[in-house]
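Below is one structure, written out as structure tokens, with a few remarks after it.
All values derive from a computational prediction rather than experimental measurement.
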Amino acid sequence: MGIYGWGAGAARTGARDPWLPTVIERQLYEAKERGDTEGYLRILAENELLLDMDQELTDEDPDTVHHVYAERPGDPPGIRTLEVRTRGDIVPRRSDVVVDRVVLKTLAEWFGDSEKVVIEVNPGAPSGMRFPHPDRAAWARIGKEAVPPPERGELLLTDAAGPLDGPVAHALACSAHLALRNRTPWNGVRDAYTDYLGDLNILRRDWGVTSPAEADEVIESLHRTRYVPHEAEAALLARKAIVDFGLEPGEAFEPHHIYQWYQATAKLAQDAGVDVRQAQEAIARIRRYEERFRADGVLPPDGMVHTLAAWDFCRGITVIRVCVGARFCDTDFLTETVPEFGALCREAYGSWEDYSAAYSLARVLWGDDDEFGEVYRTTVRWHQLLTLDPDSPWRNIPFG
């Protein structure tokens, strides 16, 4: 079963089922159809769940969960329905309601054995189920036995109701590395990236952003690649200049060109106002990582990275998606803006593999400290998944 609906070819044929948007909802539907309630709950326990919250109260008191309950005709007096949704079933934006992430075990602690709260999963959807009297002990046991989402690692999700081809889909696919890490659909244009408070926290913690105006400045800076590692970028651009203009036709960049590379890096760094010593020191790190990338299949045997622009382009598209969840902009802004980043990606790179190798090099230069540790391993794993998995958007959307 492909993530593009019911098979990998669905992106091209348009055959998809928006009522079962991701593999999560399809798994729930299958468990429901075979009457496997425990299996259904296990799927819930392995994934993030989303609850509605009152936005005004949440803004005033973010440390308290301000649930919004639904009223169902025919429910006895005093009974409240709590709607719980999986990632692919987030509903369109409502002006006064935001979402909060939770796990099944927490739901059991809050509402288990309650006779006044009904929990309804994905209401109105084929994958939905209604639980009038949640069994606290059973839900807690299943939640405890399950590996929680943060510990399950990356997850490749496609929203069958989201864009699957065209400029918006291409641009969103350019941010697939981070969608994998955050276990959110790579093509999601719904009203949350993680959840409301989580998205606000990402902007504040990672970018120092607390307002739409500040977000605009960060997006513009990412659009102009102002956050790439400047020293390493100077070294890469110097090498590219040698490859493009300093070699004879058909001549390969060889070890004996290294001295020339150091000289060219020094000149380019000085002209750009970049620390010359640090730019030259970056050459050794670049060579070590590229050599390891070739051994691990991230680069072909003679492959090289020419620019780290992918680092900012991927994050720029992600910041826009997070801004939607933080209510700094709407999905119309997203669909209008992200294709600009996608076009820049096409200008800078020739293929998904080239693009991903550049992002991967930037990420390990940023966070691996030459250890070839967990940051390196996850980076390579993301590259392999996105370039090789038949359900990856990169296998279904042309790069150029």
Looking only at atom types and distance, does a side-chain atom of [X] sit under 3.5 Å from a main-chain N or O of [Y], one as donor and one as acceptor?
X      : Y      : value
Asp96  : Gln55  : no
Trp261 : Ala235 : yes
Thr337 : Leu334 : no
Ser351 : Asp354 : yes
Asn122 : Ala125 : no
Arg294 : Gly303 : yes
Asp275 : Arg277 : yes
Arg321 : Trp186 : yes
Lys32  : Pro126 : yes

Salt bridge or not for [X] and [Y], using N-O below 4.0 Å?
X      : Y      : value
Arg377 : Glu374 : yes
Asp206 : Arg315 : no
Arg287 : Glu291 : no
Asp389 : Arg395 : no
Asp296 : Arg292 : yes
Arg239 : Glu290 : yes
Arg381 : Glu154 : yes
Glu48  : Arg85  : no
Arg226 : Asp312 : no
Asp159 : Arg190 : yes
Glu120 : Arg72  : yes

Will you find, in the side chains of [X] and [Y], an N or O donor that is under 3.5 Å from an N or O acceptor?
X      : Y      : answer
Thr158 : Asn187 : no
Asp191 : Tyr196 : no
Asp61  : Thr64  : yes
Thr58  : His66  : no
Glu25  : Thr86  : yes
Arg204 : Thr210 : no

For a side-chain contact (heavy atoms from CB on, under 4.5 Å) check, start with the C-alpha distance between Gln280 and Val276, then their side-chain angles and the critical distance, and finish with the verdict.
CA-CA 6 Å; Gln280 290 183 320; Val276 172; 4.1 Å; yes
Test item: [X] and [Y] side chains (from C-beta on) under 4.5 Å apart, heavy atoms:
X      : Y      : answer
Arg152 : Arg183 : yes
Cys345 : Phe399 : yes
Val23  : Gln27  : yes
Leu49  : Val103 : no
Cys174 : Tyr355 : yes

Does the separation of the ring centres of [X] and [Y] fall below 6.0 angstrom?
X      : Y      : value
Tyr359 : Tyr349 : no
His67  : Phe111 : yes
Trp19  : Tyr29  : no
Trp352 : His170 : yes
Phe328 : Phe333 : no

For the CG atom of Leu386 and the CD atom of Glu353, what is their distance to the nearest 0.5 Å?
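The distance works out to 10.5 Å.
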For the atom pair CG (Leu41) and CD (Glu145), what is the distance rounded to the nearest 0.5 Å?
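Going from the CG atom of Leu41 to the CD atom of Glu145 covers 11.5 Å.
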In the hydrophobic cluster built from side-chain contacts under 4.5 Å, what are the other members alongside Leu50?
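When side chains under 4.5 Å apart are linked, the cluster holding Leu50 also contains Ile90, Val99.
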Tell me, with the steps shown, if Leu20 and Ser127 meet side-chain contact (heavy atoms from CB on, under 4.5 Å).
CA-CA 7 Å; Leu20 297 169; Ser127 61; 4.1 Å; yes
Please walk me through it: do Glu71 and Thr81 pass side-chain hydrogen bond (donor to acceptor under 3.5 Å, both in side chains)?
CA-CA 6 Å; Glu71 295 183 2; Thr81 295; over 6 Å; no
My understanding is that only residues two or more places apart in sequence, or in another chain, count here; which of them pass salt bridge (charged side-chain N to carboxylate O under 4.0 Å, His left out) with Glu220?
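By the salt bridge (charged side-chain N to carboxylate O under 4.0 Å, His left out) rule, Glu220 matches Arg224.
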More than 12 heavy atoms from other groups under 6.0 Å of CD on Gln270:
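No, because the 6.0 Å sphere around CD of Gln270 holds 12 heavy atoms or fewer from other groups.
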Just to verify, what does Phe313 make a ring pair (Phe, Tyr, Trp, His ring centres under 6.0 Å) with, not counting sequence neighbours?
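Ring pair (Phe, Tyr, Trp, His ring centres under 6.0 Å) check on Phe313 returns nothing, list empty.
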Passes side-chain hydrogen bond (donor to acceptor under 3.5 Å, both in side chains), Glu109 versus Thr106? Steps please.
CA-CA 5 Å; Glu109 294 170 356; Thr106 303; 4.6 Å; no
Which of parallel (below 30°), tilted (30 to 60°) and perpendicular (above 60°) describes Tyr40 and Phe131?
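Tyr40 vs Phe131 ring planes: tilted.
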Aromatic rings His177 and Trp382: how do their planes relate, parallel, tilted or perpendicular, breaks at 30° and 60°?
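The arrangement is tilted - the two ring planes meet at 30° to 60°.
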Nearest atoms (heavy-atom pairs only) where Phe293 meets Val380:
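That closest heavy-atom pairing would be CE2-CG2, 4.4 Å.
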Restricting to non-hydrogen atoms, name the atom on Pro229 and the atom on Trp311 that form the minimum distance, rounded to 0.1 Å.
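Heavy atoms only, the tightest pair is CD-CD1, 4.1 Å.
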Quick one, Asp370 with Val364, criterion side-chain contact (heavy atoms from CB on, under 4.5 Å). Give me CA distance, side-chain angles, the key distance, then yes/no.
CA-CA 8 Å; Asp370 300 299; Val364 295; over 6 Å; no
Would you check, one step at a time, whether the test salt bridge (charged side-chain N to carboxylate O under 4.0 Å, His left out) holds for Arg42 with Glu38?
CA-CA 6 Å; Arg42 288 189 181 281; Glu38 178 151 334; 3.0 Å; yes
Looking at Tyr69, I'd like to know if the NZ or CZ of Arg80 sits under 6.0 Å from its six-membered ring centre while staying within 45 degrees of the ring's axis.
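Yes - Arg80 lies over the ring of Tyr69, closer than 6.0 Å to its centre and within 45° of its axis.
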Assess the residue pair Arg93 and Asp330 against the criterion (salt bridge (charged side-chain N to carboxylate O under 4.0 Å, His left out)); give the C-alpha distance rounded to whole Å, side-chain angles, the decisive distance to 0.1 Å, and a yes or no.
CA-CA 9 Å; Arg93 174 171 294 190; Asp330 57 22; 5.8 Å; no
Treat each ILVMFWY residue as a node, draw an edge where side-chain heavy atoms are under 4.5 Å apart, and state whether Val274 and Tyr262 are in one component.
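Each belongs to a different hydrophobic cluster.
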